[in-house]
Amino acid sequence: QDHRQPLGPLPDRGPQPVIIRAVVFDFDGTLVDSNAIKRQTFFDIASQHPGGVAVIAEILATPRGDRATIWADYMTRMQAAIPGLDAISLVRAYSDLTDQRVAAAPEMPGAHTLLQRLRSSGLTLHLSSATPLDNLRLILAKRRWTSFFTSVHGLPKTKPETLLEMTTIRTLGGDEMVVVGDGQDDADAAIAAGCRFIPVGAGSYRPKAAELAPISLFEVIDYLDSNQ
């Protein structure tokens, strides 16, 4: 005769910790020291036209949109002085020079080591940038960084769209992803998707009271380990 008593309900141990499965990186200013390079290249292209530097400075003082939008605005303002100015050619010239410079730009301190360590730990790494996708892939190939990333995302897809895609197609919960970036757009996209955000670098992100201040890439692994 079996005298064992049936098991009662399992004790409630409270919410279990969420395991981070994916890290989504911004590119410019996060992994590569390229924010100033991209800005300077606008001036280098505009300096080829009389009065162009002042016009591009005015446009960049209140930036709206991507490189195509900026050069279309520039063309509209400069067309009277330079008839026949072509926005498509301006974008191409800017992109060619920027790709070359960013591909050769120094990495942010600790970037390569961080990518290697996170990749070897079993996490999937993803890239989400405001750079056009074709240009981004070319830059990654020249830097030999393509193999670090499970997926690469750039314009025309926006950063919020990238995170939404990852939660649907890749079936990742927002709390299973961490976004690492230097911009306010990175923080806003992370908040909208329910992801944790780790600010790094010295970009446009400005933490509010009680929010994490930007840390170095060397500190990211320690932060992830202590917040699992």
So, do [X] and [Y] sit near enough that their side-chain heavy atoms are less than 4.5 Å apart?
X	Y	value
R143	E107	yes
I82	Q79	no
E58	R77	yes
F43	L60	yes
D28	K38	yes
L127	L31	yes
M166	V24	yes
H153	L136	no

Shortest non-hydrogen contact from [X] to [Y]?
X	Y	answer
G29	S34	N-OG, 3.9 Å
P207	P214	CG-CD, 4.2 Å
A105	I37	CB-CD1, 3.5 Å
S204	G183	OG-CA, 3.3 Å
E219	I215	OE1-CB, 3.4 Å
K159	A130	CE-N, 3.9 Å

| request: Start with the C-alpha distance between V55 and I59, add both sets of side-chain angles, then the distance that settles side chain to side chain contact (heavy atoms under 4.5 Å, CB included), and finish with yes or no. | output: CA-CA 6 Å; V55 170; I59 294 171; 4.0 Å; yes
Do the side chain of [X] and the main chain of [Y] share a donor and acceptor less than 3.5 angstrom apart?
X	Y	result
T158	E161	yes
D99	D96	no
E165	T162	no
T30	D182	yes
T113	G110	no
S95	R92	no

Output the distance between atom [atom1] ([X]) and atom [atom2] ([Y]), rounded to the nearest 0.5 Å.
X	Y	atom1	atom2	value
D134	I139	CG	CD1	11.0 Å
F42	Y94	CZ	OH	3.5 Å
L217	I198	CG	CD1	10.0 Å
L90	M78	CG	CE	9.5 Å
S120	L115	OG	CG	10.5 Å

| request: Determine, using ring centers only, whether F197 and Y205 are less than 6.0 Å apart. | output: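 When the ring centroids of Y205 and F197 are compared, they turn out to be within the sub-6.0 Å range.
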Would you kindly say whether [X] and [Y] are connected by a side-chain donor-acceptor distance under 3.5 Å?
X	Y	result
R137	T146	no
H126	T124	yes
T69	D66	yes

| Would the number of heavy atoms belonging to other residues, nucleotides or ligands and lying under 6.0 Å from CD of Q100 be above 12? |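 At most 12 heavy atoms, drawn from other residues, nucleotides or ligands, come within 6.0 Å of this atom.
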Same cluster or not: are [X] and [Y] linked, directly or through other Ile, Leu, Val, Met, Phe, Trp or Tyr residues, by side-chain heavy atoms under 4.5 angstrom apart?
X	Y	answer
L85	V53	yes
L155	L133	no
L114	F148	yes
I20	L163	no
I56	L97	yes

| query | side chain to side chain contact (heavy atoms under 4.5 Å, CB included) between I221 and R117: does it pass, once the steps are laid out? | reply | CA-CA 8 Å; I221 288 182; R117 290 184 61 184; 3.4 Å; yes
What orientation do [X] and [Y] show, parallel under 30°, tilted 30 to 60°, or perpendicular over 60°?
X	Y	answer
Y74	H49	tilted
F25	F149	perpendicular
F27	W145	perpendicular

| request: Assess whether side chain to side chain donor-acceptor pair (under 3.5 Å) is satisfied between R119 and T150, documenting all intermediate values. | output: CA-CA 10 Å; R119 185 72 174 175; T150 299; 3.0 Å; yes
| request: Would you check, one step at a time, whether the test side chain to side chain contact (heavy atoms under 4.5 Å, CB included) holds for V23 with V179? | output: CA-CA 6 Å; V23 182; V179 175; over 6 Å; no
| request: Would you sort out whether N135 and R67 count as a side chain to side chain contact (heavy atoms under 4.5 Å, CB included), showing the intermediate values? | output: CA-CA 12 Å; N135 302 89; R67 64 186 67 183; 4.2 Å; yes
